[in-house]
Amino acid sequence: GAVVSQHPSRVICKSGTSVKIECRSLDFQATTMFWYRQFPKQSLMLMATSNEGSKATYEQGVEKDKFLINHASLTLSTLTVTSAHPEDSSFYICSANGPGSYNEQFFGPGTRLTVL
Amino acid sequence: LAKTTQPISMDSYEGQEVNITCSHNNIATNDYITWYQQFPSQGPRFIIQGYKTKVTNEVASLFIPADRKSSTLSLPRVSLSDTAVYYCLVGAPGDKLIFGSGTRLLVRP
C-alpha cells in the first residue's frame, strides 16, 4: 500500500527556534498533502492543505506566518514551525491522498514536537 | 465542525464482535464513508471505506443503510490489540478530512 513517512519522528527544541518537519510520499506522487496537529487525548485538527507548486490553504485560526508550508515536489511537503513556543508542543501528522481507486488518505507516523 | 457523531467510548472483551455506529445526517451525494484506526503516538491507519450497502475486507465490515445517514463499523472477534481510537469520516475523494472526537475502544481480557 501507499506509504507516507515523516522526519523527524521526535524533536525537542528551545523556545524561539524554528523546526522543520518533512512529509514524504514514498511510493506514489501526491499533489495534495494535509497537515494535522493533535494534542494529548484529543482528535486530529486539520491545520492546512498543502498543494504542490502553489500556496497552502490554511484552516481558520491557524497562523500561516507561524506554520510555513512548502510543497515543492510531488513527493515532499514541509512544515516549519517558526519561533516555536511551549504551546506549540504537539503531535504533528501529515497525510496524502493515495493513488488507489478509493483515493483514501494515507497518514504519516507523526512527529512529536516538544518545545522547552 | 465535524460532519460525524460517534460514541465517545466503548468497552468490549476479547473474542466479541464490536459494532461502532456513526451518524452523518448531512452526508452529501459525493461523500464516501471512511473509517480509520489510531493507536497512541501513531498516525491514523485506514480500515475500510464504503459508499452504500455493505463492504467487507479482511479486518472489518462496514454497513451503510439506504439513506446513508449513518454507518456501522463491525470488528469481528476483537483482540487486545484492537484497543484504539476509531474515527468515522465522510467526504468526497480528495477532500480534506475533518475529524470528530472518535470512539475509544477498550478491549479487555
Side-chain angles (χ1 to χ4, degrees), chain A residues 1-7 9-10 21 23-25 30-52 56-62 69 89-114, chain B residues 1-9 20 22 28 30-53 55-60 62 64 71 73 83-106:
Chain A
V3 178
V4 175
S5 71
Q6 284 184 238
H7 177 79
S9 58
R10 183 181 298 268
I21 302 170
C23 176
R24 293 182 185 274
S25 56
T31 55
T32 303
M33 292 182 172
F34 303 90
W35 286 96
Y36 298 83
R37 181 167 56 180
Q38 186 174 33
F39 293 108
K41 302 293 186 183
Q42 294 188 23
S43 183
L44 283 76
M45 185 193 78
L46 179 66
M47 299 175 67
T49 301
S50 171
N51 301 297
E52 187 269 336
T57 303
Y58 291 81
E59 295 299 303
Q60 189 173 7
V62 177
I69 292 173
S89 298
S90 189
F91 193 53
Y92 291 85
I93 308 170
C94 69
S95 71
N97 288 323
S101 57
Y102 285 133
N103 203 220
E104 70 268 26
Q105 285 190 28
F106 291 89
F107 288 80
T111 297
R112 175 75 59 191
L113 170 62
T114 302
Chain B
L1 291 177
K3 300 180 183 179
T4 61
T5 303
Q6 307 171 230
I8 294 295
S9 64
I20 306 174
C22 177
N30 294 334
D31 286 346
Y32 281 71
I33 301 155
T34 311
W35 286 79
Y36 288 86
Q37 175 193 55
Q38 187 183 28
F39 297 111
S41 297
Q42 294 185 27
R45 182 176 73 98
F46 172 85
I47 301 175
I48 197 166
Q49 184 182 73
Y51 185 81
K52 61 181 179 180
T53 62
V55 180
T56 298
N57 62 22
E58 62 274 12
V59 298
L62 179 59
I64 306 168
S71 59
L73 174 72
T83 292
V85 179
Y86 292 82
Y87 293 98
C88 162
L89 296 107
V90 297
D95 274 2
K96 63 183 182 182
L97 298 177
I98 305 299
F99 280 74
S101 59
T103 298
R104 290 185 177 275
L105 173 65
L106 174 62

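Note on naming: letters A, B, ... go to the chains in the order of the sequence lines (proteins, then strands), and numbering restarts at 1 for each one.
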Pairing residues for A/Arg24 by the salt bridge (Lys or Arg N to Asp or Glu O under 4.0 Å) criterion, not counting sequence neighbours: A/Glu22

Which bit of B/Arg45 is near chain A, if near means a heavy-atom gap under 4.5 Å: side chain, backbone, both or neither? neither

Non-neighbouring partners of A/Glu52 that pass salt bridge (Lys or Arg N to Asp or Glu O under 4.0 Å), sequence neighbours left out: none

CA sep, side-chain torsions, deciding dist, call: B/Leu97, A/Leu46, side-chain contact (heavy atoms from CB on, under 4.5 Å): CA-CA 8 Å; B/Leu97 298 177; A/Leu46 179 66; over 6 Å; no

Whether B/Phe99 and A/Tyr36 hold their rings parallel, tilted or perpendicular, with breakpoints at 30° and 60°: perpendicular

Over all heavy atoms of both residues, which pair between B/Arg104 and A/Lys41 is shortest? Give the atoms and the distance, please. NH2-CA, 3.3 Å

Can you tell me which portion of B/Tyr51 sits under 4.5 Å from chain A's heavy atoms? Options are side chain, backbone, both or neither. neither

Under 4.5 Å from any heavy atom of chain B, what part of A/Gln6 do you find: side chain, backbone, both or neither? neither

Could you check A/Gln105 against B/Tyr36 for side-chain contact (heavy atoms from CB on, under 4.5 Å), going step by step and ending with a plain yes or no? CA-CA 10 Å; A/Gln105 285 190 28; B/Tyr36 288 86; 3.5 Å; yes

In Å, rounded to the nearest 0.5 Å, how long is the span from OG1 of A/Thr57 to NZ of B/Lys96? 8.0 Å

Atom group of A/Ile93 that falls short of 4.5 Å from chain B, counting heavy atoms: side chain

Contact leader toward chain A among B/Gly91, B/Pro44, B/Gly102, where contacts are heavy-atom pairs under 4.5 Å: B/Pro44

What is the minimum heavy-atom distance between A/Ser43 and B/Tyr87, and which atoms define it? OG-CE2, 3.3 Å

From B/Leu89 atom CG to A/Glu104 atom CD, the distance as rounded to the nearest 0.5 Å: 12.5 Å

Does any backbone or side-chain atom of A/Thr49 lie under 4.5 Å from a heavy atom of chain B? Answer side chain, backbone, both or neither. side chain

